[in-house]
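As the structure is a computational prediction, the values presented were derived from the model and not from experiment. What you see below is based on every heavy atom in this structure, not just the backbone, and it leaves out hydrogens, waters and symmetry mates. Each chain gets a letter, A, B and so on, in the order its sequence line appears, and its residues count up from 1.
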Protein chains: 2
Amino acid sequence: MAAATPSNPPPLLADPPPGSGTRARIRHAAARLFARRGYAGTGLKQVATDASAPFGSIYHFFPGGKDALAEDMIRTTGPQFMALVLGLLEERDDPVDAVVHAFDSAARDLVASGYADGCPVATMALDVVDTNETLRGAAADVFAEWIDGGTAWFSRHVSPDRARDLASAMVMLVEGAFLLGRTSRDPEPLRAAGRSMATLLAAAR
Amino acid sequence: MAAATPSNPPPLLADPPPGSGTRARIRHAAARLFARRGYAGTGLKQVATDASAPFGSIYHFFPGGKDALAEDMIRTTGPQFMALVLGLLEERDDPVDAVVHAFDSAARDLVASGYADGCPVATMALDVVDTNETLRGAAADVFAEWIDGGTAWFSRHVSPDRARDLASAMVMLVEGAFLLGRTSRDPEPLRAAGRSMATLLAAAR
DNA sequence: GTCTATAAGGAGATAGAC
DNA sequence: GTCTATCTCCTTATAGAC
């Protein structure tokens, strides 16, 4: 069954719907800033400003402060991103077509965001891996779930042990491609990653 | 020709040789902290402390301040890392063996550093890509050189157009594997990346 | 040249008015 | 609950003693 999801899902970090509550606006602004600038590079004052919320409201809704807000963002946007990718994969019947389509779609979204929005957790993960054990663990949980989810998807087309290596490769290629694409302001790495992923999948069948 | 380089090159961010000058110690401490904690997450006070140097010496040797120091680190450690990888690739005659060997060696180094040292520029690149155009450009230059260097190496074994996709895939897999490996404190992503890279190279020959 | 003290500003966090 | 003012600490950067 293909095309189970709409072919133009909203970007993960688009503006929040008008009329959203203060808490929702704070979460949205925080997700965007943390994803783009990392943990240390994001100031709570900026979060409040972007959310059009008073500074104190952050501590009203997130008594744990910056750490609690960041962990919430990692654990929320991580699964959202996986759902988005799995949705894209369902839009094509042939698995090789599906993989290439997902990477091409990611390339378009990256350009559309002005090369700002790639992986919602990678920037924060690298930022905190050496200094914040709680947030490192949260990011590790997210990546593990992605690989499990990817393994399940690839298992529909190849043997389980091969499926796991394919899922790992897919996550790594996505992350590497977002890093190169954002840094070079070029969508080509994502398309190249899609071609490589298609080759790997074809070789495993 | 194989084994052109020693089989145990010193880690990129090992301690500086005793008797190093103040400038060298500052550059070394900065390279390590920027690589591990990113740009915003690294304080110049910490750099001075780690370098056993007075705070003011940073501005004596780097009048441009934090930005100048960070750009120097990106442009210095980037080529060093490529040289290290190319050296590892020369230690095996068969190209598929060489690729697997390089990833296995990277996996060992990652574990040996306590999962602290992966790519010397990726953390900073993601940290600054949205906020500092100069440093973003420096990181983009480094990645472009890596892909050019990798394309030249793969061109010894496959056609030029295929060599470029292989080089891109290698950089992306390395970066993704370092991200997953550091975050999960697990060397397995680097080994999985090596297996995928071997598959891609074999498929391209 | 090496090093210290301080300036000026921004950070996270809190207290309390409304 | 919403919002403001402030507290304390830490940052980059500089001035100037030695």
Side-chain angles (χ1 to χ4, degrees), chain A residues 16 18-74 123-124 127-128 130-136 138, chain B residues 16 18-74 123-124 127-128 130-136 138:
Chain A
S20 297
T22 302
R23 183 192 173 92
R25 294 199 313 277
I26 288 172
R27 296 181 81 250
H28 193 89
R32 186 148 64 173
L33 284 169
F34 280 134
R36 292 180 177 180
R37 305 184 181 182
Y39 180 78
T42 296
L44 295 187
K45 292 227 167 72
Q46 186 72 49
V47 171
T49 300
D50 285 19
S52 301
F55 182 74
S57 294
I58 293 176
Y59 286 88
H60 173 69
F61 291 111
F62 297 91
K66 193 179 187 180
D67 274 25
L69 185 57
E71 182 172 0
D72 190 288
M73 293 307 96
I74 291 171
T123 304
M124 248 198 292
D127 221 29
V128 303
D130 210 48
T131 53
N132 190 315
E133 181 64 12
T134 303
L135 297 181
R136 181 199 67 76
Chain B
S20 298
T22 303
R23 182 191 172 92
R25 294 199 313 277
I26 289 172
R27 295 180 81 251
H28 193 88
R32 186 149 63 174
L33 284 167
F34 279 135
R36 292 181 177 179
R37 304 184 181 181
Y39 180 79
T42 296
L44 294 188
K45 286 235 166 68
Q46 187 71 49
V47 171
T49 300
D50 286 17
S52 300
F55 181 74
S57 293
I58 293 177
Y59 286 88
H60 174 70
F61 291 111
F62 297 90
K66 192 178 188 179
D67 274 26
L69 186 57
E71 183 173 359
D72 190 289
M73 293 308 96
I74 292 172
T123 305
M124 247 198 293
D127 222 30
V128 303
D130 210 48
T131 52
N132 189 317
E133 182 64 11
T134 302
L135 296 182
R136 181 199 67 76

**Item:** Pairwise side-chain contact, Asn132(B) with Asp67(B), heavy-atom cut-off 4.5 Å (strictly under)
**Value:** yes
**Message:** So Asp50(B) and Gln46(B), do their side chains get closer than 4.5 Å, heavy atoms only?
**Reply:** yes
**Fill in**
Outermost contacting nts on DNA chain C, any atom under 4.0 Å from chain A heavy atoms, listed 5' then 3', are dA11(C) to dT14(C)
**Item:** For Arg136(B), side chain to side chain contact (heavy atoms under 4.5 Å, CB included) partners two or more places apart
**Value:** Arg185(A), Val129(B), Glu133(B), Ala140(B)
**Asked** Who passes side chain to side chain contact (heavy atoms under 4.5 Å, CB included) against Ala70(A), sequence neighbours left out?
**Response** Phe34(A), Tyr39(A), Met124(A), Leu135(A)
**Asked** Just by modelled atom types, is the Ala53(A) backbone N or O under 3.5 Å from a matching donor or acceptor in the Thr22(A) side chain?
**Response** no
**Asked** Checking Thr123(B) side chain against Arg37(B) main chain: does a donor-acceptor pair fall under 3.5 Å?
**Response** no
**DNA chain C contacts among residues 27-35 of chain B, heavy-atom distance under 4.0 Å** = none
Working to the nearest 0.5 angstrom, can you tell me the gap between [X] [atom1] and [Y] [atom2]?
{"X": "His60(A)", "Y": "Phe55(A)", "atom1": "NE2", "atom2": "CZ", "answer": "15.0 Å"}
{"X": "Met73(A)", "Y": "Leu33(A)", "atom1": "CE", "atom2": "CG", "answer": "11.5 Å"}
{"X": "Arg36(B)", "Y": "Thr131(A)", "atom1": "CZ", "atom2": "OG1", "answer": "12.0 Å"}

**Item:** His60(A) NE2 - dT4(D) P separation (whole Å)
**Value:** 15 Å
What nitrogen or oxygen pairs link the protein and nucleotides 8-12 of chain D at under 3.5 Å?
residue: dT12(D); atom: OP1; partner: Thr42(B); partner atom: O; Å: 3.3
residue: dT12(D); atom: OP1; partner: Leu44(B); partner atom: N; Å: 3.3
residue: dT12(D); atom: OP1; partner: Lys66(B); partner atom: NZ; Å: 3.2
residue: dT12(D); atom: OP2; partner: Leu44(B); partner atom: N; Å: 2.8

**Message:** Does Phe61(B) reach a base, just sugar-phosphate, or nothing at all? Heavy atoms under 4.0 Å.
**Reply:** sugar-phosphate
**Prompt:** Which part of the nucleic acid, if any, lies within contact of Gly56(B), taking any heavy atom under 4.0 Å across all strands shown: a base, the sugar-phosphate backbone alone, or nothing?
**Reply:** base
**Fill in**
So the salt bridge (charged side-chain N to carboxylate O under 4.0 Å, His left out) pairs with at least one residue in residues 21-31 of chain B (sequence neighbours excluded) are Arg27(B)-Asp72(B)
